[in-house]
Amino acid sequence: MSTVIERVRAALAAGERISDADALALFESDDLLAIGALAAQVNRRKNGERVFFNVNRHINYTNICVNQCRFCAFAREAGDPTGYAYHLDQILRKAAEAQAAGATELHLVGGLHPELPFEFYLRMMATLKANFPQLSIKAFTAVEIDYFARLADLPVEQVIRELKRLGLDSTPGGGAEILGETVRRQICPEKISGERWLEVTEKLHQAGLKSNATMLFGHVEGYADRVDHLARLRALQDRTGGFQAFIPLAFQPDNTRIPEARGPGGIDCLKTLAISRIYLDNFDHIKAYWIMLGLKVAQVALAFGVNDLDGTVVEEKIGHDAGADSPQALSKDEIIRQIQAAGKIAVERDTHYQPLRVYPAPAENADAQTD
Ligand code: V47
């Protein structure tokens with residue numbers, strides 16, 4: 001048995017957090033099953049046998065972006081014939097479809113459009129909230145919030161205040177990529193720095209908004225870059241407690257400008273999810289985003305410390321433009337089936353992880369129960 005596994009087991013038994021050096025040693029270990037078992041134990045203590053999902057819809061309102069991140073196959077430069085920007089009525093139509101399909105949350109993100117003014121986003125927020133007050137609006141990464149502040153020449157705090165006043169309920173975890181500057185300069189040189197991403201996220205948390213954190217992995221970064229990324233997130237979470245979920249995003253290489261990268265294999269995906277669960281002791285939830293992982297790896301991840309399978313998604317462009325071979329959407333029934341087939345209890349949640357409906361395994365109870 002490798003010594004790092006013993007050290008980590010002892011640390012967990014003593015209720016201690018693991019060190020960066022041990023996180024790195026776990027990444028370098030080949031003992032996937034032992035790492036997975038430790039992660040599953042950590043998760044069981046936090047979440048029992050429950051696995052969350054939500055009924056949501058993604059809306060990517062524009063793919064036109066002033067940044068041209070090397071890993072991104074979704075972004076287009078202004079003037080590109082395949083570029084688009086939805087009109088507000090198109091966005092409202094998609095929101096209406098989402099509501100009719102039983103969604104509780106809209107996930108809205110897009111490119112940094114060179115011409116749309118900040119007022120467009122304010123109008124979008126206000127109109128969505130006025131028309132669909134029961135839909136929770138999860139929108140705009142720290143990268144977009146920073147962009148709006150520059151666009152409108154306003155302090156970030158005021159941008160956040162305005163958006164929150166008009167209906168912003170929480171923010172997604174995109175744009176974190178790899179926070180360390182060496183890798184960041186290679187994969188997204190025009191994007192705000194990792195330090196700035198953390199700073200804006202801290203302001204979101206201070207304003208009372210919950211957010212998520214992602215990590216894009218399996219491109220040019222090394223294990224030490226991943227550990228550094230996790231360390232920065234854990235430190236911020238110690239200060240604010242504002243993160244809800246951590247979401248490792250498996251890099252999809254097609255149509256990107258990182259030709260040497262092939263994306264992570266299944267073992268790397270499972271190991272990364274499991275180590276995240278063990279290391280991020282102050283995060284309640286680790287999410288397997290099935291769009292990027294593929295449904296089969298995402299399901300297996302439920303035995304490796306993961307307790308959230310994201311949602312129905314409905315219309316996904318960022319991963320699929322880069323060659324993701326997962327479906328575009330999953331029905332609620334299919335998500336429940338995937339969770340139950342893993343021997344877990346499926347729990348539909350709202351944005352803030354309040355259980356809406358519990359679906360025990362069919363053997364225990366054929367009918368869904370309300371929590
Ligand atoms: O920030 C871009 C990533 C992110 C690629 O908070 C890519 O609940 C893989 O953040 N291969 C956007 N990933 C998606 C995102 C997200 C998704 C689901 C749930 C939540 C949440 C957040 O997608 C970007 C970037 O890191 N991305 N290109 C690619 N080729």
Side-chain angles (χ1 to χ4, degrees), residues 52-54 56-60 63 65 67-76 104-112 136-147 169-179 183-184 187-188 191-192 194 197 201 204 209-221 229 233 242-259 261-264 269 272 283 285-294 298 306 308-326 329-330 349-353:
F52 288 110
F53 70 95
N54 73 348
N56 64 350
R57 173 158 187 163
H58 285 218
I59 302 177
N60 299 126
N63 63 352
C65 191
N67 286 352
Q68 294 297 313
C69 300
R70 307 288 187 267
F71 56 78
C72 184
F74 170 67
R76 301 289 187 278
T104 58
E105 178 188 277
L106 294 177
H107 177 142
L108 295 136
V109 290
L112 308 183
S136 177
I137 302 183
K138 179 172 86 173
F140 312 132
T141 67
V143 175
E144 289 159 277
I145 300 286
D146 172 82
Y147 184 65
D169 292 295
S170 70
T171 67
E177 324 308 359
I178 286 287
L179 291 166
V183 170
R184 211 168 172 88
I187 63 169
C188 49
K191 189 167 258 172
I192 57 167
W197 187 93
T201 300
L204 286 164
L209 290 166
K210 295 286 184 190
S211 78
N212 293 329
T214 56
M215 173 175 76
L216 181 66
F217 72 102
H219 42 86
V220 304
E221 89 291 359
H229 185 96
L233 295 178
F243 287 120
Q244 299 203 108
F246 177 65
I247 312 155
L249 296 170
F251 175 58
Q252 310 294 311
D254 291 0
N255 309 314
T256 71
R257 286 176 296 145
I258 313 185
R262 300 306 323 136
C269 290
T272 303
F283 278 64
H285 310 290
I286 304 292
K287 186 190 278 192
Y289 186 45
W290 54 267
I291 291 272
M292 304 295 186
L293 293 167
V306 161
D308 185 353
L309 215 47
D310 198 78
T312 46
V313 179
V314 181
E315 186 178 333
E316 202 287 328
K317 295 178 188 296
I318 298 171
H320 286 88
D321 281 359
D325 60 7
S326 51
L330 280 183
R349 64 169 176 86
D350 70 6
T351 294
H352 298 294
Y353 287 84

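Just follow the structure's listing: the first ligand is 1, and inside any ligand the first atom is 1.
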Notebook entry, point to check: Can you tell which of K138, E316, H107 gets a heavy atom nearest to atom 8 (O) of ligand 1?
Noted result: K138

Item checked: H219 side, atom NE2; I187 side, atom CD1 - distance, nearest 0.5 Å -> 4.0 Å

Check: Among E177, H285, H320, which residue places a heavy atom closest to atom 26 (O) of ligand 1?
Finding: E177

Next item on the list: Tell me yes or no: between the side chains of N54 and E105, is some donor less than 3.5 Å from an acceptor?
Entry: yes

Margin query: Using a 3.5 Å cut-off on N or O atoms only, is T214 in polar contact with ligand 1?
Written below: no

Note to self: So for ligand 1, is K191 a polar contact partner (N or O within less than 3.5 Å, distance only)?
What the structure shows: no

Item checked: Heavy-atom nearest option to atom 9 (C) of ligand 1, drawn from G173, A250, A322, P248 -> A250

Check: Under a 4.0 Å heavy-atom limit, does Y289 contact ligand 1 with its side chain, its backbone, both, or neither?
Finding: side chain

Note to self: Looking only at protein heavy atoms, which one is nearest to atom 27 (N) of ligand 1, and what is the separation?
What the structure shows: I318 CG2, 3.7 Å

Item checked: Under-4.0 Å salt bridge between R349 and D308 -> yes

Next item on the list: From atom 15 (C) of ligand 1, work out which of L249, T256, I187, T351 has a heavy atom at the shortest distance.
Entry: L249

Next item on the list: List every atom of ligand 1 that sits less than 4.0 Å from any heavy atom of M292, numbering the atoms from 1 in the order shown and giving each element.
Entry: 7 (C), 9 (C), 13 (N)

Next item on the list: Just let me know how D310 lines up against ligand 1, side chain, backbone, both or neither, with a heavy-atom cut-off below 4.0 Å.
Entry: side chain

Note to self: Could you check whether any heavy atom of G175 sits closer than 4.0 Å to an atom of ligand 1, since that is the contact criterion I want to use?
What the structure shows: yes

Notebook entry, point to check: Hey, is the main chain of L330 close enough, under 3.5 Å, to the side chain of W290 for a donor-acceptor pair?
Noted result: no

Note to self: Just to be sure I read this right, does ligand 1 sit under 4.0 Å from the backbone of I247, its side chain, both, or neither, counting only heavy atoms?
What the structure shows: side chain

Next item on the list: Could you check atom 13 (N) of ligand 1 against the protein and tell me its nearest heavy-atom contact, residue, atom and distance included?
Entry: L216 CD1, 3.2 Å

Item checked: Polar side-chain atom of R257 near backbone of Q68 as donor-acceptor pair, under 3.5 Å -> yes

Item checked: Minimum-distance pair of heavy atoms, taken over all atoms of P253 and A261 -> CB-O, 3.4 Å

Check: Of the choices G174, A176, A245, A213, which has the non-hydrogen atom that lies closest to atom 10 (O) of ligand 1?
Finding: G174

Check: Which residue owns the protein heavy atom closest to atom 5 (C) of ligand 1, what's the atom, and how far is it?
Finding: F71 O, 3.8 Å

Item checked: Exercise: identify the closest heavy-atom pair between F71 and T256 -> O-CG2, 3.2 Å

Next item on the list: Could you tell me whether E177 and R184 have a side-chain N and a carboxylate O separated by less than 4.0 Å?
Entry: no

Margin query: If you take the centroid of each ring, where Trp contributes its six-membered ring, are F52 and H285 closer together than 6.0 Å?
Written below: yes

Check: Looking only at heavy atoms, which two atoms of C65 and A75 are closest? And how far apart?
Finding: CB-CB, 3.9 Å

Margin query: Quick test: of every protein heavy atom, which one is nearest to atom 11 (N) of ligand 1, and how far off is it to 0.1 Å?
Written below: Q252 N, 2.9 Å

